[in-house]
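Report on one structure; see the data block that follows.
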Amino acid sequence: EEESVTASEIKTVIDDYITVESAKFITGARPISEIDQFYEELKAMDVEEYIEIYVNAYSTYMDAVFN
């Protein structure tokens, strides 16, 4: 349950950020040359922790379904 709350909090922050920054890339307000910086910004927002939580949850689900 704690991981679910953490994932939800991270998702809220990164979803909003991705939406705003993607629009900037599409419209040219932010140059595509900054894409690596964008990825680093996402890492700073704990996107890797978010992915890890979901990978673990999916693995647990698959184990329960197929074992």
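Linking Ile, Leu, Val, Met, Phe, Trp and Tyr residues whenever their side-chain heavy atoms come within less than 4.5 Å leaves V5 and V47 in two separate clusters. A single hydrophobic cluster is not seen to contain both I51 and M62; linkage of ILVMFWY side chains at heavy-atom distances under 4.5 Å, directly or through other members, places them apart.
Ring to ring, Y54 and Y58 are not that close: their centroids are 6.0 angstrom or more apart.
Interatomic distance, CD1 of I53 versus NZ of K11, reported as 13.0 Å (0.5 Å rounding). For the atom pair CD of E21 and CG of L42, the computed distance is 9.0 Å after rounding to the nearest 0.5 Å.
Using a cut-off of 4.0 Å between Lys/Arg side-chain N and Asp/Glu carboxylate O, E41 and K24 are scored as not salt-bridged.
Contact record, T6 with E49: CG2-OE2, 3.5 Å, taken as the closest heavy-atom pair. Closest approach of I10 to Y50, counting heavy atoms only: CG2-CB, 3.6 Å.
Residues V13 and D46 have side chains not in contact (no heavy-atom distance under 4.5 Å, counting atoms from C-beta outward).
Remark: side-chain polar atoms of S8 are not paired, donor with acceptor, to backbone N or O of S4 under 3.5 angstrom.
By the 30° and 60° cut-offs, the orientation of the rings of Y17 relative to F38 is parallel.
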